[in-house]
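Worksheet: one structure, shown below.
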Amino acid sequence: MSDATSQFDDLVATLNQFAAPAATEPLAFGDALDSLGHNAYTLTATLAILPFLQPIPLGLFALVGSAAFVALGLQLYKGEANLALPQKIRTVTLSLRMRQALVNTCLNIIRFFRKLSKPRLSFLVEGRTKEKVGGFIFIMVGLLVAIPLGGVVPFKNLFPSLAVLFYCTGEVERDGLMVIFALICLVLTIIFYSLLAYLILKFGVVAFNHFFWK
């Protein structure tokens, strides 16, 4: 069994475990984190991005997710072997129904990405380069999802979410092209947010909301 196949199987197994009924419901994010083992960075990022894949604005939870990704990115960028998150993030909980829906969506996306993946441009997913690029991506995602601009726009965090999933797929499959796609998603996010800012400045918040929800 190849390393890529082994990591993919670990990812699927952990996500399924995350979606299974827990002894205590709702399940704390920290309890799920403790079961991730040596794949903590990739699997934690995959789990943390799940709530951002749905269209409903997350409010204060977006700030919690933002802090998680910044903390994740800083530790990965520094090359720290053991992942640690603030206690407030570890105590965030998700219901069983929400976990199952999010995991099913995430698995479908990851399996689709995997069909497009193969080992290539491996220098982007090895050693310190992988850690620095991955850390940069996670930090940028954390900063971008915290921006309240256009908070009522459905799927406003779609591109940051895809950036995380592209990177995680690339890391698992040893596919540097997926990492490049992740960086492209960050650029598209900046362009999208800049357009939203322009519309708000030009037409005002009320007109902006009416444009999206009329």
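Numbering starts at 1 and runs along the sequence shown.
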Name every donor-acceptor pair, under 3.5 Å, that has one atom in a side chain of residues 62-79 and the other anywhere in the protein, sequence neighbours excluded.
residue, atom, partner, partner atom, Å
Ser66, OG, Gly142, O, 2.5
Gln75, OE1, Ala84, N, 2.9
Gln75, NE2, Ala71, O, 3.2
Gln75, NE2, Ala84, O, 2.4

>> Membership question, hydrophobic clusters at under 4.5 Å side-chain separation (ILVMFWY): are Phe136 and Val133 in the same one?
In response: yes
One should read off an interatomic distance between Asn157 CG and Ile49 CD1, to the nearest 0.5 angstrom, of 7.5 Å
Query - Cluster overlap Ile139 with Ile137, hydrophobic side-chain contacts below 4.5 Å - result: no
NZ of Lys130 to CZ of Arg174, rounded to nearest 0.5 Å, is 5.5 Å
* side chain to side chain contact (heavy atoms under 4.5 Å, CB included) between Phe159 and Leu186, worked out -> CA-CA 7 Å; Phe159 287 130; Leu186 293 181; over 6 Å; no
| query | Is it the case that one hydrophobic cluster holds both Leu188 and Phe138, taking links as side-chain heavy atoms less than 4.5 Å apart, direct or via other members? | reply | yes
Heavy-atom nearest pair, Val141 first then Pro160, reads CG2-O, 3.8 Å
Exercise for review: Take Asn16 and Leu107 through the side chain to side chain contact (heavy atoms under 4.5 Å, CB included) test and state the conclusion after the steps.
Suggested key: CA-CA 9 Å; Asn16 285 329; Leu107 285 175; 3.5 Å; yes
Across all chains, not counting sequence neighbours, the salt bridge (charged side-chain N to carboxylate O under 4.0 Å, His left out) partners of Arg97 are none
With sequence neighbours left out, the residues meeting side-chain contact (heavy atoms from CB on, under 4.5 Å) with Val187 are Ile191
Residues Thr46 and Cys168: closest non-hydrogen pair is OG1-SG, 3.6 Å
What one should report as the nearest heavy-atom pair of Leu162 and Cys185 is CB-SG, 3.8 Å
Residues pairing under ring-ring contact (aromatic ring centres under 6.0 Å, His included) where one sits in residues 84-121, two or more places apart or in two chains, turn out to be Phe113-Phe166
Ala45 and Val164 have their tightest heavy-atom pair at O-CG1, 3.7 Å
In this structure, CD of Glu173 is separated from NZ of Lys115 (nearest 0.5 Å) by 13.0 Å
Taken in chain and number order and not counting sequence neighbours, the residues that satisfy side-chain contact (heavy atoms from CB on, under 4.5 Å) with Ile190 are Met140, Leu144, Ser194
- Query: Would you say Tyr167 and Leu165 make side-chain contact, with heavy atoms under 4.5 Å?
  - Reply: no
Output for pair (Thr189 OG1, Leu143 CG), nearest 0.5 Å, gives 12.0 Å
Just list the side-chain donor-acceptor pairs under 3.5 Å for residues 175-184, sequence neighbours left out, or say none.
residue, atom, partner, partner atom, Å
Asp175, OD1, Arg120, NE, 2.8
Asp175, OD1, Leu177, N, 3.0
Asp175, OD2, Lys118, N, 3.3
Asp175, OD2, Arg120, NE, 3.1
Asp175, OD2, Arg120, NH2, 3.0

